[in-house]
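Since the structure is predicted, the reported quantities are computational estimates derived from the model, not experimental observations. Chain letters run A, B, ... following the sequence lines, proteins first, then strands; residues in each count from 1.
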Number of protein chains: 2
Amino acid sequence: MNRKMIDSRTKQILFAVVQSYISNPEPVGSRFVSKKYNFGCSPATIRNVMSDLEDLGLLAQPHTSAGRIPTDKGYRMYVDMLQSSEPQQNDFDVDMDFFAAYTNKLEAMKNDMSGMFSEVTNTLSSMSNYIGLALPPKPDRTTFNRIDLLKYRGDQIVAILVTDEGVIKNRIIASGSNLEQKDLNRISDYLNTEYGGYTIDEIRDILIYRIKKEKALWDNLISSAIKICEQALSFSDEDMFVSGFYDVVNLPDFSDISRIKDIARAIKEKHLILKLMNELSNTEGVHVMIGSENPIEELRKLSIVTSTYKEGDRKIGIVALIGPTRMNYTGAIYMVENIARCISRTFER
Amino acid sequence: MNRKMIDSRTKQILFAVVQSYISNPEPVGSRFVSKKYNFGCSPATIRNVMSDLEDLGLLAQPHTSAGRIPTDKGYRMYVDMLQSSEPQQNDFDVDMDFFAAYTNKLEAMKNDMSGMFSEVTNTLSSMSNYIGLALPPKPDRTTFNRIDLLKYRGDQIVAILVTDEGVIKNRIIASGSNLEQKDLNRISDYLNTEYGGYTIDEIRDILIYRIKKEKALWDNLISSAIKICEQALSFSDEDMFVSGFYDVVNLPDFSDISRIKDIARAIKEKHLILKLMNELSNTEGVHVMIGSENPIEELRKLSIVTSTYKEGDRKIGIVALIGPTRMNYTGAIYMVENIARCISRTFER
DNA sequence: TATTAGCACTCTAACACCCCGAGTGCTAAT
DNA sequence: ATTAGCACTCGGGGTGTTAGAGTGCTAATA
């Protein structure tokens, strides 16, 4: 056998081992492989090959007299094989009709982002039994299109923030002073010409800068405008949707209490995952991170499958599944990919 | 010893056993009680008393040669003793100043109910290491005060729903037809005179009835009004806030995997807990349910401490802590009670 | 009559031990 | 290059033993 190149049969045996282990979490032995899959060779041969695979760091033995289980590197090769070959038949009982219907369902929820995305994570997790994640279009990174201010009762104002993705948020704020609708119109005109096109992050920076430097210069109206804008833009950054923790504890992979603690900690440290998701939201299509490949310490024993969704050509958010490294990658990829596609379609209309 | 009446020393010994077990989850033996607490009697005497307590069903032995642990009934008596005696010194390092400051913090979030209540559950859970729950003022059960409709762009309308507790929700809806602001005013006037004072639940019923019976009779405007009202009132009923699952798995009480599964299932079945909370939201002040006292199968091994919060005299919602039956009741009661008080104060202003 | 000391008894957790079976690695034959 | 055969290894499950903690009971005591 060559140093670098792995011959086709070897690859297939790796594939078989991984697939067997995924469907049944028992170390897989040579006899089993030789019997179950038809490679036309005896257990002894398989043994040799598996031994090679172990040397390559693709398989490992829990202990001497046990079968092999895949290493993270082994899963990696398996996933790469999956993705280079043609679409696998999915293991979940959802077909394309489901996703078509689902797109319509999401479409109907378009006005309620948070409802829509909690629906998405619920579906992801309940169909897969893994943990579903979703990042809605982040205001920070979207372009401010316009803000509208409507007078409400007393000194209260309804601020409606519109970005390129549509209405993001509306909230009621107290202006402090009693402004007329025409004042509000002047304020929003000012804000829209001044800030239109910037991302919300940038606007925040500008605001902070201005407040420091030029405070004294402004007239009352502008000062109100800034104040209102500040209030209207102050979103919580905790905008990540997670669900499915409660199913995942039933997976055999989490029969060990310490694994559950790991996963609990990982989810609790939302900001870490958030950061990772943000980094990944530049990637195109489906992306898989396996165990130790993961930059986040807390996720080193888990795998994460992500896919960005888009509006037109712009990637505006991301959905994901988190599960054990012994994950049904075929199914997870299929789900994540198609759900992301549903969301994209929703934004297109 | 009398049949029914338990003498004071016996009670105190029960108290000691429970408290010891709560602070350290080991069956407590007679020698230990006699040494640690000063009852001025020997282990043998304690043993007799503990044996009596076991006959009364207040203590139990995991096995013959182990110490005693409290039964649910034992915890019940303990909690009753707690509540009849004067306020215990709390075990958490929060004093009244904390709650005063906390009230202000909540005050500032009053415009953002969901933010406020997720803040509440986070605080509850992180300070106690149990699971924090909160039920915001339920729209269904609150009285509809008025609805305001503001024209926004195109056929879109901002609907602002006001109840006796203040602004509950504002959402953007599409009217379908292009209405002027004065039409909207007529619609909202109609809705307000027609439905003001009813609870939202009742309104929903009325709407359904009317839609069936009188559909043909209405003019266009009223039909729009109903349509809008329907849309505006269609809240998700998933309005319960939960947090702290991730800390609770670290408690020694959940070192057993099956216990974790129990608790995971309990939380997943939100509607059950929701129902319980609804039932409890008529109770006055703090309420404790211990293990088997619980009507919900899934919670039979857990305890729940609840407290309603009020606006004036009306109880409008509830907060709670869920933990193991071996719970720090003193601390949990203290936290729940005071947090509920903070919320009440917030609504008063 | 309530309390206590003393003692026999019970039960668990921990450890040692053994054996079975599954699965391997190696070697020699094909 | 493949294979059959065989010795070897290791974990899991069952058994036996022991130490220690805690009890219940009895008889003595205040």
Under a 4.0 Å heavy-atom criterion, the protein footprint on nucleotides 20-30 of chain C, written with B, S and -, is --BSBB-----
Original post:
Does a nitrogen or oxygen in the side chain of A:T45 sit under 4.0 Å from OP1 or OP2 of D:dT3?
Top reply: yes
Between A:N48 and A:T45, is there a side-chain donor-acceptor contact under 3.5 Å, judged purely by atom types and distance?
no
So CD1 of A:I318 and NE2 of A:H287: to nearest 0.5 Å the spacing works out to 9.0 Å
For the residue pair A:K268 and B:S243, establish whether any side-chain heavy-atom pair is separated by less than 4.5 Å.
no
Whole-Å distance, B:L59 CG to D:dG22 P, equals 15 Å
If pairing means Watson-Crick or G-U wobble with both distances under 3.5 Å, then the partner of C:dA29 is D:dT2
Result for 5'-nearest mapping on DNA chain C, choosing between B:P43 and B:P62, is B:P43
Whole-Å distance, B:E26 CD to D:dG22 C1', equals 13 Å
Counting C-beta onward and ignoring hydrogens, is there a side-chain heavy-atom pair between B:Q83 and B:I333 closer than 4.5 Å? yes
Notebook entry, point to check: So does A:R300 have more than 12 non-hydrogen atoms from other groups sitting under 6.0 Å from CZ?
Noted result: yes
Scanning both residues in full, the closest heavy-atom pair of B:P324 with B:F254 reads CD-CE1, 3.9 Å
pair_partner(D:dG11), Watson-Crick or wobble, both distances < 3.5 Å, evaluates to C:dC20
Rounded to whole Å, NE2 of B:H63 lies from C1' of C:dC11 at a distance of 6 Å
note: A:F39, atom CZ; D:dT2, atom P; distance rounded to Å ~ 13 Å
Whole-Å distance, A:I46 CD1 to D:dT3 P, equals 9 Å
Whether A:R9 contacts D:dT2 is assessed here as follows: a side-chain N or O lying under 4.0 Å from the phosphate OP1 or OP2. Is that the case?
yes
note: B:I69, atom CD1; C:dC11, atom C1'; distance rounded to Å ~ 15 Å
Is the CZ atom of A:R31 crowded by more than 12 outside heavy atoms at less than 6.0 Å? no
